[in-house]
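Okay, structure first, notes after.
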Amino acid sequence: MKKLTDIISDKLKAAFAAAGYDENYGIAGVSNRPDLCEYQCNGAMAAAKKYKKAPIAIANEVIEKLDAAGVFDAAAVAPGFININLDRNYLTEYIAKMDTDPKMGAEPAEKPLSIVVDYGGANVAKPLHVGHLRPAVIGESIKRMFRFMGHKVVGDAHLGDWGLQIGLIIAWLEEKRPELPYFDPGFTGEYPKEAPFTAAELEVIYPAASKYSKENAEFLAKAQSNVFELQNGNRGYFALWQHIMNTSVPDIKRVYGRLNVDFDVWKTESDARYYIPDMIEKMKNDGFAHIDNGALVVDVKEETDTKEMPPVMLLKSNGATLYDTTDLATIVERMKLFAPDHIVYVVDKRQDLYFERVFRAAHKTGIVKPETRLTFIGNGTMNGADGKPFKTRDGGVMRLEMLIDEINGKVYEKVMSNRETSEEEARAIASKVGLAALKYGDLSNQATKDYIFDVDRFTSFEGNTGPYILYTMVRIKSILAKAKDESISIPDCFPARTRAEHEESEINLMLSCARFNDMVEHAAEEMAPHKVCQFMYQLADGFNTFYHENKILTESDTAKRNEWLALIKVVLKLLEICTGLLGIEAPDRM
Ligand code: ARG
């Protein structure tokens, strides 16, 4: 469906043109003074400068030429605003039409694109920690928004499995258990099927090895050379790496599952290894790659740079590949597998410069076409109450699962104290509401900004929180269920051409609903889940005001009552789409 802002703007443009002004002044937006009007156009003010005329005179001339009967009323107000209110029948018809569309009036993208979203970024053999929360939930939401808008999207976890952490684990095992066949160069048999460690053991090996490498340079050097050996076909190391993968990846999947985060492909850094030799060969032949201090690099500095711009490193002096190498080769791989028009990376904002260099190298060396978009969404940090990166009470890095448990525990207590619920049901409710508290708490902040993680605020059933949104949905569900119990037949769809008179809170609620297609298009285009949250909050608030001012089920005018029921069903559908876009879900009760 055409967006209301476009419908209004088109009529205004025609009027500006008819009055002899540039039509581009006829752009309308949602009013920033909702107490005065619903939409507004400030074009006369801008036109006044160009045409050297009083803005109010221009606004009046435009209104004179306006042909908007049955759509909206417009009034010129000093110094030159055009205030706009929608025709009530037009508004109700608009909502009626939305309600017949599964996408509630959202227009699919004119030109569907192929898009890869690279997010999550967990590292194999290391437990997920709080720093992994934001890239996971933001990326998941961006993927869902793109998909909703009709794009062809592939979400990729791009697990880190080819770096130093693997070398460290191998070095540690070699030191503790040199008798294992993986370390016997003469061993030609088949390696054991069973890993020489359990998942629990693996979890302690990495931190121990990492700590040790900081105190022992020789150990670190061994770990680094292990990475090289692994990458260059050491059989025993490769077998160990497979054990590490088989032990760790299912656990990573399980934790992402708890966040309702799922990837279409669970590719890893090492998957790109097959593309590296050809890629490097080509970069050398094309004159892009050259040796610098023993390393193979590609320069990405540009004349206009005002900051330091180190070259991209393809090979270390010992011949090992790096993070840069696998990311570039992964782009090669993605072009081959998915031919994306756009690749979006959701990663901690501290990797900003890194991605700028990688993108420059990809464009410069022709891995992607000039028009292929590469976007870095650098997420801000989740901070504790002290404004510093979130830590456990004793100052350590908090595991993601602990954070999930903490928030679920808090919600569970609330659910149990609110009413009598079986423990089992309370747990099920708490896991849905807890997830909403966590994800909405995160997503309602602009992705690039830091925010303070506040369990009490996030889990509150009031205010701009996930639980408040879900609570609103549960309230609507229960009204609709009650109506059904009382054998009230709710219209299937919102009825067009409704009553002459509407309550103010009802109009406000309809106006919020009618902005959905506008909102979702912009949120997807700008990759901004916080805009979805803003919309949800406004809608939930609008519903609750309406609910408190009107007795829906006991309304004696049955036509009015039925229409209200149809309207709150529209609100519920919109909130359901939006929760879906964030990857959360409302329970039936709470
Ligand atoms: N595993 C990386 C890290 O922990 C993040 C991966 C982000 N994605 C990428 N294509 N580099 O820093």
Side-chain angles (χ1 to χ4, degrees), residues 115-140 142-143 153-169 206-207 210 227 241 244-245 248-249 251-253 255-256 261 263-273 275-276 279 300 312-314 321-338 340 342-363 367-368 372-382 389 397-400 447-448 527:
I115 306 176
V116 173
V117 186
D118 174 323
Y119 65 105
N123 295 310
V124 169
K126 294 195 208 175
L128 281 114
H129 58 78
V130 290
H132 290 108
L133 177 73
R134 302 212 69 198
V137 306
I138 296 167
E140 178 72 21
I142 290 175
K143 176 188 77 180
V153 199
V154 175
D156 181 3
H158 197 72
L159 299 178
D161 68 337
W162 214 226
L164 186 61
Q165 87 268 32
I166 309 287
L168 286 167
I169 292 168
Y206 170 73
S210 167
V227 178
W241 171 80
I244 296 173
M245 295 297 280
S248 173
V249 175
D251 199 52
I252 291 176
K253 289 190 178 180
V255 180
Y256 278 133
V261 165
F263 299 92
D264 305 291
V265 294
W266 292 82
K267 292 191 110 0
T268 67
E269 286 176 357
S270 72
D271 283 324
R273 66 184 183 275
Y275 300 87
I276 293 175
M279 176 183 83
V300 290
V312 161
M313 301 263 277
L314 297 175
T321 59
L322 300 102
Y323 191 38
D324 308 30
T325 331
T326 51
D327 256 317
L328 282 169
T330 300
I331 301 179
V332 174
E333 181 188 27
R334 288 178 179 155
M335 293 316 287
K336 187 157 182 256
L337 299 182
F338 312 116
H342 189 186
I343 309 178
V344 180
Y345 296 79
V346 186
V347 186
D348 190 296
K349 70 177 170 195
R350 282 166 291 193
Q351 294 195 26
D352 183 7
L353 177 64
Y354 167 75
F355 277 101
E356 189 170 354
R357 290 165 48 247
V358 169
F359 293 172
R360 283 188 186 189
H363 275 121
I367 292 178
V368 300
T372 306
R373 267 180 84 191
L374 301 172
T375 304
F376 173 66
I377 308 242
N379 64 269
T381 311
M382 182 179 118
V397 178
M398 193 183 223
R399 288 201 175 198
L400 187 51
T448 52
M527 297 169 266

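Indexing begins at 1, ligand by ligand and atom by atom, following the structure's order.
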Report task. Measure the distance from atom 12 (O) of ligand 1 to every protein heavy atom, then report the residue, atom name and distance (to 0.1 Å) of the closest one. Result ->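 So the nearest neighbour among protein heavy atoms is Gln351 NE2, 2.8 Å.
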**Report entry** Nearest-contact summary for atom 4 (O) of ligand 1 - protein heavy atom, Å
**Finding:**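 Ranking protein heavy atoms by distance from atom 4 (O) of ligand 1, first comes Asn123 ND2, 2.9 Å.
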For [X], take its heavy atoms, then give the atoms of ligand 1 lying under 4.0 Å from any of them.
| X | value |
| --- | --- |
| Val347 | 7 (C), 8 (N) |
| Tyr345 | 10 (N) |
| Phe355 | 9 (C), 11 (N) |
| Asp118 | 8 (N), 9 (C), 10 (N) |

**Report entry** Aromatic contact, Tyr345 with Tyr354 (centres under 6.0 Å)
**Finding:**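 No, ring centres 6.0 Å or more apart.
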**Report entry** Gap between atom NZ of Lys267 and atom CD of Glu333 - 0.5 Å precision
**Finding:**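 Reported value, rounded in 0.5 Å steps: 4.0 Å.
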Is there any N or O on [X] that sits under 3.5 Å from an N or O of ligand 1?
| X | result |
| --- | --- |
| Tyr354 | no |
| Gly160 | no |
| Tyr323 | yes |

Query raised in the report: Under 4.0 Å from ligand 1, counting heavy atoms only, is it the side chain of Asp327, its backbone, both or neither?
Result: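 The answer is the side chain of Asp327.
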Query raised in the report: Between Trp266 and Phe263, what is the ring plane arrangement, given parallel below 30°, perpendicular above 60°, and tilted in between?
Result: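 Perpendicular.
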